[in-house]
Every structure is written in structure tokens, then in C-alpha cells.
Amino acid sequence: MLIKRASDIQPSEITDEKLFMNRRSFMAKASAAAVGGALMAGPVKAASEDDDLTPWETVTGYNNFYEFGTGKADPAKNATKFTTDEWSVKVTGDVEEERTWDLEEMIAGFTVEERIYRHRCVEGWSMVVPWNGFPLGDLIKRLKPTSEAKYVSFTTLYDVRRMPGQMSPVLPWPYVEGLRLDEAMNPLTLMVTGVYGKKLPPQNGAPIRLIIPWKYGFKGGKSIVRINFSKRQPMTTWNEAIPREYGFYANVNPEVDHPRWTQATERRLGEFFRRDTLMFNGYTEEVESLYAGMNLRKYY
Ligand code: MTE
């Protein structure tokens with residue numbers, strides 16, 4: 001069992017002393033990560049005991065967010081002025097009622113948990129990150145897709161003035177990612193509003209982004225402004241840009257290499273030696289039933 005409720009975790013089990021020694025001040029900051037009307041709960045651990053947290057400086061300083069540039073340090077540098085006040089999210093497609101939600105109203109009353117997740121990028125690096133968020137499944141129940149809906153997609157803001165990287169044709173804009181509805185409803189799939197107990201910084205996808213810990217990081221769209229439910233598998237940005245290299249499923253799988261490099265090992269940022277990549281990034285128990293009978297070489 002990889003997920004623990006806060007009450008099951010002994011302080012001695014938690015590895016990062018700097019973060020957790022002063023639990024009270026941490027919890028005070030944690031409430032800041034609960035944007036809008038969401039409430040804050042204690043931590044839920046979903047990484048193993050030997051996974052040390054990746055430091056804040058790395059989590060917020062080494063990013064992929066092409067809307068702010070393609071270098072790893074670009075988003076932190078170029079997104080400092082990005083503001084997310086009065087954010088709203090359009091909900092469209094196969095839903096009972098299509099409408100635009102104020103973010104605060106959309107997430108009001110949800111309990112924001114801390115989830116310590118392994119975060120594996122398709123490029124071969126990984127981190128361990130204490131995200132703050134709530135299960136996407138809770139939100140989907142509130143948005144009420146129809147029984148016809150089989151997929152859900154997430155669109156990032158498109159605003160060239162605020163996201164200068166969109167002036168470059170490096171990707172087809174806006175950035176869109178999607179999931180099968182049963183993947184979206186899996187309790188591990190997290191809508192993230194904070195990290196390390198603080199509000200999500202712009203470079204990590206403020207004010208709201210997705211994290212699907214058993215998939216490569218590119219599935220986790222940032223700064224979401226639209227959620228669309230559909231009967232058919234949606235077009236997704238990386239799959240559209242380079243279909244041979246980036247599939248729709250993008251499950252972490254050490255046995256299926258990227259056409260240009262291995263996926264069998266990864267470099268945990270801050271470590272020297274590469275380590276073995278785990279099937280489904282180590283979350284097999286929770287997610288393998290989603291793919292029963294599927295050929296994961298074909299559906300990569
Ligand atoms: N979302 C948008 N809108 N634009 C991006 O370039 N990069 C993806 C994903 N979400 C990306 C995005 C990739 S490749 C990864 S690995 C993760 O965000 C990185 O998230 P992090 O910077 O918070 O670690």
C-alpha cells in the first residue's frame with residue numbers, strides 16, 4: 001500500500017528534516033497552497049521511504065514550460081510577472097451544462113492534501129515532489145460529464161502577451177493534454193494548486209495544473225483554462241507534434257524505449273548515478289487494472 005493517510009505517518013518516517021521539523025509553520029504555509037475555497041489536509045505519502053524530496057530550488061528552478069521558453073531555467077526567469085488573479089476555467093463538451101467557472105467556485109470546499117509523488121519526465125530525469133492538490137475525480141463529479149463522455153482534455157492558457165514562448169512555433173499552441181475518463185477518475189490523479197505547502201509558482205503551472213504520477217510529466221498540463229469531455233480520444237500537443245515519439249498514453253514504462261533514448265533508467269535530479277525506472281513509475285498496484293489486456297508497446 002503506497003498511500004497513507006496523514007494520521008498513519010510517524011514524524012520519523014518523513015525524510016526531509018528541513019521541511020518537516022517545523023511542522024506548525026509548514027502547516028501555516030500549507031493553507032496558502034489551498035487557493036480559493038479549498039481546505040487543507042495533512043500529508044498523504046505516495047512515494048517510498050527511500051525517496052528523498054527534491055529540494056524546492058530544483059522543483060521550482062528546473063522546469064519544462066515551453067510557453068515561457070525551452071531552457072530549464074527559462075520558466076522561473078520569464079514567468080515572474082505572470083499573474084493568475086480572477087482565473088476562470090471553461091467546461092465544455094459532453095457535460096450536463098457547459099459553462100465558465102471562476103476557479104474559486106470550481107474548487108470550493110475540496111480538501112487540499114499533500115501528496116509526495118515521484119515525477120518522471122520523458123527526457124529521463126526525475127524528482128520527488130510534495131504537491132498540494134485534490135483528486136481530479138472529485139472535480140469531475142462536480143462538473144457532471146454525461147454518460148457518453150469517455151475522455152477528458154485540459155487546455156493551457158493561450159495568451160502570447162503573457163506567455164512569450166508562444167511566439168515560437170516550437171509546439172502547436174495552445175498546449176492540450178488528455179486522459180481516458182477512467183484514468184482521470186483514478187484516485188492518484190491530482191489537480192495541483194500548490195507545492196511544498198505554498199501556492200503553485202507560475203513556472204510550475206499556476207494557478208492549477210494536473211499531475212498523473214504514473215505517466216511521463218508531459219501529460220500534466222499547466223495553467224489550465226479549459227476542460228473538455230468527449231466521446232473520442234482528443235488530439236494532444238506532443239502526440240500531434242511528434243506522434244512516433246510521444247503517444248497518447250505515455251505511461252512510464254522501462255521496457256518501451258523512446259525512439260531516440262532508453263527509458264529503462266533515469267537520473268534523479270541531485271543524484272550522480274542513474275537508477276532503474278519502475279513500471280508505471282512505481283504505481284503498478286494502483287493503476288495496472290486500467291490497462292488489463294492492452295498492448296503497452298502499441299499504446300505507448
Ligand atoms: N504544460 C504546458 N502548458 N507546457 C509545457 O511545456 N511541459 C510538460 C508538463 N506540462 C509543459 C506542460 C513537461 S514535458 C513536464 S516534464 C512537466 O510539465 C514539468 O512540470 P514541472 O516543471 O512542474 O516539473
Side-chain angles (χ1 to χ4, degrees), residues 33 53-79 82 84 87 89 115-133 153-160 162-179 189-196 198-227 235-242 245-248 250-252 258 261 263 266-270 277 281:
L53 295 180
T54 301
W56 160 267
E57 291 72 25
T58 309
V59 174
T60 62
Y62 187 94
N63 300 99
N64 275 336
F65 199 172
Y66 281 14
E67 284 84 341
F68 293 103
T70 54
K72 298 292 180 240
D74 289 347
K77 207 172 57 208
N78 298 334
F82 184 68
T84 57
W87 195 268
V89 180
R115 296 273 188 98
I116 299 170
Y117 278 162
R118 287 180 287 272
H119 179 43
R120 168 69 156 81
C121 182
V122 73
E123 296 164 339
W125 50 264
S126 66
M127 303 188 190
V128 180
V129 184
W131 302 111
N132 307 102
S153 65
F154 303 85
T155 306
T156 297
L157 177 70
Y158 179 66
D159 184 339
V160 177
R162 293 163 71 194
M163 294 180 149
Q166 290 173 335
M167 281 188 274
S168 148
V170 62
L171 283 177
W173 308 110
Y175 195 99
V176 180
E177 260 310 333
L179 298 169
T189 306
L190 203 64
M191 288 306 291
V192 169
T193 56
V195 65
Y196 264 111
K198 299 197 171 92
K199 267 191 178 162
L200 205 55
Q203 61 269 34
N204 291 91
I208 190 157
R209 63 91 58 89
L210 200 60
I211 287 287
I212 313 106
W214 71 95
K215 292 180 182 281
Y216 294 115
F218 73 86
K219 294 298 290 180
K222 295 178 169 182
S223 306
I224 293 165
V225 293
R226 181 173 168 208
I227 300 176
M235 256 319 212
T236 53
T237 295
W238 280 103
N239 185 234
E240 185 187 344
I242 322 179
E245 299 188 7
Y246 307 103
F248 175 79
N251 292 317
V252 174
H258 183 278
W261 57 80
Q263 292 293 17
E266 67 198 55
R267 195 173 74 83
R268 180 70 52 84
L269 295 181
T277 288
N281 208 19

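No experiment lies behind these values; they were computed from the predicted model shown. For ligands, and for the atoms within them, numbers begin at 1 and follow the listed sequence.
Protein heavy atom in closest approach to atom 16 (S) of ligand 1: Cys121 SG, 3.3 Å. In terms of protein heavy-atom proximity, atom 1 (N) of ligand 1 is nearest to Lys222 N, 3.3 Å. Atom 7 (N) of ligand 1 has its closest protein heavy atom at Asn64 O, 3.2 Å.
Aromatic rings from Tyr66 and Tyr175 are positioned such that their centres are separated by 6.0 Å or more.
The closest approach between a heavy atom of Gly220 and any atom of ligand 1 is below 4.0 Å.
Side-chain atoms of Trp238 and Glu245, non-hydrogen and from C-beta on, never get closer than 4.5 Å to each other.
When Met127, His119, Arg209, Glu177 are ranked by how near their heavy atoms come to atom 24 (O) of ligand 1, first place goes to His119. When Ala76, Gly217, Gly165 are ranked by how near their heavy atoms come to atom 9 (C) of ligand 1, first place goes to Gly217. The heavy atom nearest to atom 12 (C) of ligand 1, out of those in Tyr66, Tyr175, Trp173, Phe154, is found in Tyr175.
A donor and an acceptor atom, one from each side chain of Asn64 and Lys72, are located under 3.5 Å apart.
A donor-acceptor contact shorter than 3.5 Å links the side chain of Asn204 to the backbone of Val59. A donor-acceptor contact shorter than 3.5 Å is absent between the side chain of Lys219 and the backbone of Pro213.
Both tests do not hold together for Lys222 against Phe154: distance to the six-membered ring centre under 6.0 Å, angle to the ring axis within 45°.
Interatomic distance, Leu200 CG to Ser223 OG, rounded to the nearest 0.5 Å: 7.5 Å.
Close approach of ligand 1 to Trp131 (heavy-atom distance below 4.0 Å) involves ligand atoms 23 (O).
On a distance-only criterion, Glu67 and ligand 1 share at least one N/O pair closer than 3.5 Å. In terms of N/O distances under 3.5 Å, ligand 1 is approached by Thr156.
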